[in-house]
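Just so it is clear, the model here is predicted, and its values are computed rather than measured.
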Protein chains: 2
Amino acid sequence: METNGAEQLKRLAAARRRGCGVERTLAVLDGKWTTLIVRELLSGPKRFGEIRAALDSPSAKTITDRLRALEHQRIITRTVYPEIPPRVVYELTGDGHSLAGILYEMLIWGEEHPVSEP
Amino acid sequence: METNGAEQLKRLAAARRRGCGVERTLAVLDGKWTTLIVRELLSGPKRFGEIRAALDSPSAKTITDRLRALEHQRIITRTVYPEIPPRVVYELTGDGHSLAGILYEMLIWGEEHPVSEP
DNA sequence: TTATATAATTTCCAAGTGGAAACTAATGGC
DNA sequence: GCCATTAGTTTCCACTTGGAAATTATATAA
């Protein structure tokens, strides 16, 4: 796969004239917590409570909303184990795992550009 | 640069335990139009009106807000040419250009995963 | 004299988003 | 009988975001 700078810029310019994959991706990674949920699941399947705890505990409603949206877009699967109390496990699909490259680039950029407001 | 899948996942898992570069990047690419403004500027400096027209014309206030935020974070520079009528040109900084890798991964993912809701 | 062009800024408002708190369901343990 | 547990759902509310419209500034053109 060709990934040198000049080639990237050429393809990004071409995409601007079409529908644009960037916009499609932004539509999937939409909402305040969505990208971070994907990041959590990259290290393996997780239960509802584990995801919530890892993210500094946003409200249950927020997590549920985001998980539902990701499920509808086939980024994650949801498995309910009919036990008491209930156990629900979320796991990335193949499409979901393929977001790793984006997350990885975000990680690198963020680490190389720490906050520096004057 | 090591970018195979296993190595990426290992580093993403490690980052989860620190502050996290992903969150830092998300803070920069925040807001509905921010990422698309960066995409526009990757192909070269642009005037205010050009950016607005390229983005299906969101309100002037919205564009101004986003451009100001990007300027404060040193992702873009703003150059005013004291002419009548005024001309203002926005251009990516080095830090701004270095976001190209993220945008490129987003482009590829978006093109390889078209919408497929049932 | 008045319209035009460009890049804003300001005010006001509608819609969207996320959070808090209360409630549910079902079973096992005390 | 009552409580704890897990993963929600529901209702309501506050805050944020973005958009519309009016306004500004100023030299040039008609």
Side-chain angles (χ1 to χ4, degrees), chain A residues 20 22-41 44-73 75-92 117, chain B residues 20 22-23 25-41 44-73 75-92 96 117:
Chain A
C20 192
V22 175
E23 291 173 43
R24 158 79 179 132
T25 302
L26 289 174
V28 170
L29 296 180
D30 187 41
K32 192 172 173 182
W33 299 100
T34 307
T35 305
L36 297 179
I37 289 174
V38 173
R39 182 195 65 185
E40 290 307 314
L41 294 178
K46 296 258 179 315
R47 297 180 60 173
F48 180 90
E50 292 177 307
I51 296 171
R52 192 176 174 209
L55 299 183
D56 204 25
S57 300
S59 73
K61 172 178 167 295
T62 301
I63 297 284
T64 302
D65 289 351
R66 294 299 119 213
L67 288 170
R68 288 286 179 283
L70 287 171
E71 193 189 355
H72 284 137
Q73 287 165 322
I75 302 300
I76 63 176
T77 58
R78 178 175 183 269
T79 308
V80 181
Y81 294 89
E83 306 165 357
I84 299 294
R87 181 161 62 99
V88 183
V89 173
Y90 296 90
E91 185 170 10
L92 289 178
E117 323 264 335
Chain B
C20 193
V22 175
E23 290 173 43
T25 303
L26 289 174
V28 171
L29 295 180
D30 187 41
K32 191 172 174 183
W33 300 100
T34 307
T35 305
L36 297 180
I37 289 174
V38 173
R39 182 195 65 185
E40 289 308 314
L41 294 178
K46 295 258 181 317
R47 297 180 60 172
F48 180 90
E50 291 177 307
I51 297 170
R52 191 175 175 213
L55 299 183
D56 204 23
S57 300
S59 74
K61 172 179 168 293
T62 300
I63 298 284
T64 301
D65 288 351
R66 293 300 119 215
L67 288 171
R68 289 286 178 282
L70 287 171
E71 194 188 355
H72 284 138
Q73 287 164 322
I75 302 300
I76 64 175
T77 57
R78 178 175 183 271
T79 308
V80 181
Y81 294 89
E83 307 166 355
I84 299 295
R87 180 162 61 100
V88 183
V89 174
Y90 297 90
E91 184 169 10
L92 290 177
E117 324 265 333

Inset, instruction - Identify whether any heavy atom of Tyr90(A) sits under 4.0 Å from a base atom; if not, whether one sits that close to sugar-phosphate; answer base, sugar-phosphate or nothing. - result: sugar-phosphate

Inset, instruction - Grab the two heavy atoms, one from Ile63(A) and one from Arg52(A), that are nearest each other, plus how far apart they are. - result: CG1-CG, 4.2 Å

Legend entry - N or O in side chain of Thr64(B) less than 4.0 angstrom from dA8(C) OP1/OP2: no

Legend entry - Which atom of Phe48(B) lies closest to which atom of Ala60(B), heavy atoms considered: CZ-O, 4.1 Å

Inset, instruction - Might you point out which heavy atoms bring Leu29(A) and Val38(A) nearest each other, and give the distance in Å? - result: CD2-CG2, 4.3 Å

Inset, instruction - Verify the contact: side-chain N or O of Arg47(A) to OP1 or OP2 of dA7(D), cut-off strictly under 4.0 Å; return yes or no. - result: yes

Inset, instruction - Rounded off to whole Å, could you give me the CD1-to-P distance for the Ile76(B) and dA7(C) pair? - result: 14 Å

Legend entry - Closest to the Arg68(A) side chain, choosing from dG18(D), dT9(D), dA8(C): dT9(D)

Inset, instruction - Respond yes when some side-chain nitrogen or oxygen of Arg78(B) is under 4.0 Å from OP1 or OP2 of dA8(C), and no when none is. - result: yes

Legend entry - For Glu40(B) against Leu55(B), the heavy-atom pair lying closest together: CG-CD2, 3.9 Å

Inset, instruction - Could you check how far OH of Tyr81(A) sits from C1' of dA25(C), rounded to whole Å? - result: 21 Å

Inset, instruction - Would you mind telling me which residue lines up with the more 5' stretch of DNA chain C, Lys32(A) or Pro85(A), judged by nearest nucleotide? - result: Lys32(A)

Inset, instruction - Look at the side chain of Ile84(B) and decide which nucleotide, out of dT26(D), dG18(C), dT6(D), has an atom nearest to it. - result: dT26(D)

Inset, instruction - For Lys61(A), report the nucleic acid contact type (base, sugar-phosphate, nothing); a contact means any heavy atom under 4.0 Å. - result: base

Inset, instruction - Looking at every strand, decide which applies to Arg52(A) at a 4.0 Å heavy-atom threshold: base, sugar-phosphate, or nothing. - result: nothing

Inset, instruction - Using whole Å, report how far CG of Asp65(A) lies from P of dA7(D). - result: 17 Å

Inset, instruction - Compare side-chain N and O positions of Ser59(B) against OP1 and OP2 of dG19(D) and report whether any pair is under 4.0 Å apart. - result: yes

Inset, instruction - Examine dG18(C): is either OP1 or OP2 under 4.0 Å from a nitrogen or oxygen in the side chain of Arg66(A)? Give yes or no. - result: yes

Inset, instruction - Report the distance from atom CG of Leu67(B) to atom P of dA8(C), rounded to the nearest whole Å. - result: 7 Å

Legend entry - Listed nucleotide nearest any side-chain atom of Ala60(A), set dA26(C), dG18(D), dG8(D): dG8(D)

Legend entry - Rounded distance in Å - CZ (Phe48(B)) to C1' (dA8(C)): 6 Å

Legend entry - Heavy-atom pair of closest approach, residues Tyr90(A) and Leu41(A): O-CD2, 3.6 Å

Legend entry - Distance, rounded to the nearest Å, where Glu83(B) contributes CD and dA25(D) contributes C1': 15 Å

Inset, instruction - Quickly work out the Leu55(B) CG to dG18(D) P distance and round it to whole Å. - result: 12 Å

Legend entry - Whole-Å gap separating P (dA7(C)) and NZ (Lys46(B)): 14 Å

